Amino acid sequence: MTITRFAPSPTGYLHIGGLRTALFNYLWARNQNGKFRLRIEDTDLKRNKEEATKAILEAFEWVGMNWDDEVVYQSERFDVYKKYVEQLLKEGKAYKCYLTSDELKEYREAVQKGLEPPFDIRKYRDFEGELDKDYVIRFKAPLEGELVLEDGVKGRVTHQIQPSDDFVIARSSGVPTYNFVVVIDDHEMGMTDIIRGDDHLTNTFKQMLIYNAFGWDLPKFYHVPMIHNEKGQKLSKRDGAVNVMEYKKDGFLPEALLNFLVRLGWSYGDQEIFSMEEMIKLFNPNDINTAPSKYNYEKLLWLNHHYIKNTPNQKLAELLKEDFGIDIQNHDKLEILLDEVKDRSQTLKEMAEIIDNILTPPSEYNEKAVKKFIKENTKEILAKFVEFIKDKELHLPTDWHDVLMEEFIPQQGLKPKDIMPPLRICMNGDTKGIDLSALLAILGKDEVIKRIQKFLS
RNA sequence: GGCCCCUUCGUCUAGCGGUUAGGACACCGCCCUUUCACGGCGGCGACACGGGUUCGAGUCCCGUAGGGGUCACCA
């Protein structure tokens, strides 16, 4: 059975790069009728936040990605890791390293500047006996050789073993490190396919060494290229709206966000729109691209607009109430209103603003519009119109359309622009907006008259 | 700097030795329309560069350039 996972560290919210990785793993597991599991990588107790874990799970809930089995917390598994560290120690596959943190700092700085290392990091590799000072435990990698990874995305990638492959597997506090526990957990959780960002590519070789040391089978790896920011760099928390839950606040639909993300680095011919069912059916990690992609907000907006237009009005009304405090669920012209507003909103937030603008009487009138359309006889015409409709039954947009176009305008010898733009100004303060007949129908005759009279006074 | 990865329109991408290099977003124009949108039609616009291999290269190989990732007692 195919088992995949998403394994975030709870240092903050879930960001969209992580969500895409999770989505790929989720889709592949569902495609294969396998399992998709969640693991919280909280071995670094200093940085671990309970709140962050909650936020991550909340984001999963919002987008509707459900996971299988219990969530695994690494912080609850220290005993397990300890056992494996001791095993390696006993088998001579790991060793105590007494290098001080100052020495290591010096080493690190030199290496990152591109200088020759000041000493051999493997100094204590063959050291016999014990020293009475703090130590970390390092993995004893082979001294030379080549590792070959058959990556599902990148193809064959090779790595020459180097001194730094003697990496720390347990801190002086005894807490094991990432590259070690990942292997233990992935193995014990039965992972068969690991889809993750290609920033992990170098980690993978360290992890392969651990798999080898325990004699475990390697899962299939897929290293997916990063999502880049505008500057072409790895997306980071400084890059604006990367928190998944921000999208909810901004009025995005989760299906739009997922559809957007699945097309970053993956495609199926020319198809742009994918329902969750289609994604599950069509997704295959072998089809993931090799090149990084850039985040394209305009396309997300387009997709969101598409999904808004295809969402039932009752559902939209629900979301508008929950997320934006716009309560129109019991409005008698709900369908007309939302049909009109949907076409001109890319987000729920925009919908909320437009609806609010329609339903709230104008507090001011656009100066330019007034100057252009309100002539000396306009007020007279509007007053006549009020009289004209006073005793009529007007409900649907077609009623309003007819009373204007078939009756009032021809009978008064007017042109449409003598009355229609002014009516808009009376209703909403401006000449732009939804279809006028629809607008009048939504507001209803009493409100229409009220707003005209307000303007006249 | 070492190691590794990457390179088709501005952006997301199709392409898997022979294509007028296709689609989508954005942008521009036209049509529809009593406004604004929606929608329809059309336009602009790309194989980083240089060598090979081949009858033939966006597709294969090698360089160059550019970009990115990574080198922690973080994950």
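Naming convention: chains lettered A, B, ... in sequence-line order (proteins, then strands); numbering from 1 in each chain. Hydrogens, waters and symmetry mates are skipped; everything else that's a heavy atom, side chains included, is used. Since this is a predicted model, take the numbers as computed values, not measurements.
The separation between A:H306 atom NE2 and B:C25 atom C1' is 14 Å, rounded to whole Å. Distance CG (A:D430) to P (B:U35): 15 Å, rounded to an integer number of Å. At whole-Å resolution of the value, NE2 in A:H159 and P in B:C3 are 12 Å apart. In this entry the distance linking CD of A:E298 with P of B:C25 reads 12 Å, nearest Å. Atom P of nucleotide B:C5 and atom CE of A:M226 are separated by 15 Å, given to the nearest angstrom. Taking atom CZ on A:F167 and atom P on B:A75, their separation rounds to 12 Å, with Å as the unit. Nucleotide B:C38 holds its C1' atom 14 Å from the CH2 atom of A:W302, rounded to whole Å. Rounded to whole angstrom, the span from the CH2 atom of A:W266 across to the C1' atom of B:A14 amounts to 13 Å.
Counting non-hydrogen atoms under 4.0 angstrom, A:D134 reaches nothing in the nucleic acid. Residue contacts for A:V168: at a heavy-atom cut-off of 4.0 Å it reaches the sugar-phosphate backbone alone, with no base atom in range. The residue A:S172 sits close to a base: some heavy atom pair falls under 4.0 Å. Here A:K342 lies out of heavy-atom contact (under 4.0 Å) with every strand. Within the nucleic acid shown, A:S345 has no heavy atom closer than 4.0 Å to any nucleic acid atom. Within the 4.0 angstrom heavy-atom criterion, only backbone atoms of the sugar-phosphate kind lie near A:S293; the bases stay farther away. Counting non-hydrogen atoms under 4.0 angstrom, A:P421 reaches nothing in the nucleic acid.
Nucleotides B:G58 and B:A75 place their C1' atoms 38 Å apart, quoted to the nearest Å. Spacing of C1' atoms, B:U64 relative to B:G40, comes out at 48 Å, to the nearest Å. Taking the C1' atom of each, B:C3 and B:C9 are spaced 34 Å apart, rounded to whole Å. Only the C1' atoms considered, B:A57 is 28 Å distant from B:C4, to the nearest whole Å.
For the OP1/OP2 pair of B:U7 and a distance below 4.0 Å, the side-chain nitrogens and oxygens of A:T290 include at least one atom meeting the criterion. Contact between the side-chain N/O atoms of A:S267 and the OP1/OP2 oxygens of B:A14 is found at a separation under 4.0 Å. Contact annotation: A:N289 side-chain N/O to B:A14 OP1/OP2 distance is under 4.0 Å.
You'll find a donor-acceptor pair under 3.5 Å spanning the side chain of A:N203 and the base of B:A75, going by distance alone. The base of B:C71 is not paired with the side chain of A:S164 by any donor and acceptor separated by under 3.5 Å. For B:G23, its base sits under 3.5 Å from the side chain of A:E272 at one donor and acceptor pair at least.
Geometrically, A:K154 does not engage A:Y222 in a cation-pi contact defined by less than 6.0 Å to the ring centre and at most 45° from the axis.
Side-chain contact between A:L149 and A:H159 is absent, with no heavy-atom pair separated by less than 4.5 Å.
Annotation for A:K368: atom NZ does not count as buried by contact number, only 12 or fewer foreign heavy atoms lying within 6.0 Å.
In this structure, the nucleotide among B:U13, B:A37, B:A75 sitting nearest to the side chain of A:Y178 is B:A75. Of the candidates B:C12, B:C4, B:G69, the closest approach to any side-chain atom of A:K299 belongs to B:C12. The side chain of A:K294 has B:U11 as its nearest neighbour among B:U11, B:G39, B:G68.
With a 3.5 Å ceiling on both atom-pair distances, the Watson-Crick or G-U wobble partner of B:U64 is B:A48. Across every strand in view, B:G39 sits in a pair with B:C31 that passes the Watson-Crick or G-U test at under 3.5 angstrom. Across all strands shown, B:C71 forms a Watson-Crick or G-U wobble pair, both distances under 3.5 Å, with B:G1.
Looking at which nucleotide of RNA chain B each of A:N296 and A:H401 is closest to, the 5′-most match is held by A:N296. Nearest-nucleotide assignment on RNA chain B puts the 5′-proximal partner with A:D287, out of A:I121 and A:D287.
Relative ring orientation between A:W28 and A:F283 is described as perpendicular, the plane-to-plane angle rising above 60° on a 0-90° scale split at 30° and 60°.
Residues A:K237 and A:N243 bring no donor and acceptor atom of their side chains to less than 3.5 Å of each other.
Salt bridge A:K220/A:E150: absent, no basic N to carboxylate O contact under 4.0 Å.
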